[in-house]
There are 2 protein chains.
Amino acid sequence: METIERKPRNREQIRSGILKTAKSIARQEGWQAVSIRKIADAIEYSAPVVYEYFDSKDVLLDEIRSEGFRYLYQEYDRIVNLYRDPEKRLYEISLVQWEFARQQPEIYQVMYNMSGALCTMPIYESESMQAVSRIVCKTIFSFIPKSEESIKRLYFQWWSISHGMIMLAMLLKDEQPLDHSEQIYRESMRRFVRDLR
Amino acid sequence: METIERKPRNREQIRSGILKTAKSIARQEGWQAVSIRKIADAIEYSAPVVYEYFDSKDVLLDEIRSEGFRYLYQEYDRIVNLYRDPEKRLYEISLVQWEFARQQPEIYQVMYNMSGALCTMPIYESESMQAVSRIVCKTIFSFIPKSEESIKRLYFQWWSISHGMIMLAMLLKDEQPLDHSEQIYRESMRRFVRDLR
DNA sequence: TAAACTTAGTTAACGGTGTTAAAGTGAGTG
DNA sequence: CACTCACTTTAACACCGTTAACTAAGTTTA
């Protein structure tokens, strides 16, 4: 009898293998092509094994979404520690957002239920998302010390412009080159930051 | 032998019944719950009948998307004929966009592949969408007569702000009431229009 | 009138999906 | 040897989009 082809892995390795595979399929074929069986095949297990790590496909997607927000938080935090000027901070945070959506579109899609991805877990209850909100709000506050209500308003506006442009840029990327969209994005975000003053 | 329970209907009635049913299911249970079989059940036919009217589910969704853009075009056209002032026109068009997304979210969702809806037909090749683009661009042009390139830029910005806010408002509607979001929307769109001058 | 053809609609199947209960496997232990 | 336990798979359920094959009725033609 032959030795087991499958390499021995611990729980952590298998778990991250599942996540990695899901993202990989999504990137290459779109989220509608991501299935539990396909993931299981790729990690050389049968489908039920996936359920030992994630209670459902929805929970799996929620984890990928959280990964995305955690990554964003990390990057925003890096920016805040890198620059002193609040204007510069917010502008650079905007650019990180664009870069993230460009380089890991499949994660960005699942974060906002775009392009057929559907995670039914409510986004606003996600701690990782709230952490991102807080760091941006804090940045805006250091900028314009107003009431919490006003800051939330400005954050909502910033988020809308940023996300709206990213989403439309992705949607129209075949008729309007991404580089061109990025130029408009930079200009718009710069203007938003400037007008805050 | 008993008479057929099912009422006699012509092709047009059946076709619009399919579209109506799809939207109805989407509204009540979300797009992920819309299936050909469920539609067929609702219109009291078997599943293959649906394929006599739409080549695929994708084509069905594309038709609903087009319906949405045609409706928007109609409304924008009405606004343009109602007001003389270009600023007023663009602002009112913005409000129509909000009202549409609020009253027929399921159509808005399929137009932009939100919330799990997925229509793979490229949106930019849709004539009905291009008609909408043209009427807004024309409105902006009557406002600021610049190069076609500049107008497209401004249109992209207008669209991003509008769509970004609508999308985030829908996403966060459980923690931020829609009326509050609408207030910010109105203010933002008004500001955008004013700053164009 | 009989045969041929058209139309409208159905059933049943194919290969796929998320999910879960049951069965199997093999190594270690009393 | 029998037994347990952890791990993994098989097989099933109810659904999905889609299509080939079929049926029954009505219409046209020879």
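Quick note on labels: first sequence line is chain A, next is B, and so on, each numbered from 1.
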Separation of atom CD1 in Ile14(B) from atom C1' in dG9(C), rounded to whole Å: 10 Å

With Lys20(A) via salt bridge (Lys or Arg N to Asp or Glu O under 4.0 Å) - residues at least two apart: none

Touch class at under 4.0 angstrom, heavy-atom based, for Glu52(B) against every strand present: nothing

Spacing of Gln32(B) atom CD relative to dC16(D) atom C1', expressed in whole Å: 13 Å

Tyr112(B) and Tyr108(B) aromatic centres sub-6.0 Å: yes

Candidates Arg186(B), Met189(B), Glu182(B) - the one meeting side chain to side chain contact (heavy atoms under 4.5 Å, CB included) with Leu95(B): Arg186(B)

Donor-acceptor contact present, side-chain Trp31(B) to main-chain Ser115(B), <3.5 Å: no

Atom-pair distance (CG on Leu60(B); P on dC16(D)), nearest Å: 15 Å

Protein-nucleotide distance (Ile18(B), atom CD1; dG9(C), atom P), rounded to Å: 11 Å

Salt bridge Glu87(A)-Arg194(A), side-chain N to carboxylate O under 4.0 Å: no

Arg191(A)/Glu187(A) salt bridge by N-O under 4.0 Å criterion: no

Arg70(B)/Glu63(B) ion pair, N-O < 4.0 Å: yes

d(CH2, Trp31(B); C1', dC16(D)) in whole Å: 16 Å

Distance, rounded to the nearest Å, where Asn10(A) contributes CG and dA6(D) contributes C1': 16 Å

Note: Arg102(B)-Asp179(B) ion pair, threshold 4.0 Å (strictly below): yes

Ion pair check, Arg190(B) and Asp195(B), cut-off under 4.0 Å: no

Between P of dG17(D) and CG of Leu118(B), the distance in whole Å: 13 Å

d(CD, Glu44(B); P, dA8(C)) in whole Å: 18 Å

Helix axis bend for the helix from dT1(C)-dA30(D) to dG30(C)-dC1(D) - C1'-based end axes, five pairs, 10° rounding: 50°

Under 4.0 Å protein heavy-atom contact, by nucleotide of nucleotides 15-22 of chain C - B base, S sugar-phosphate only: --BBBBB-

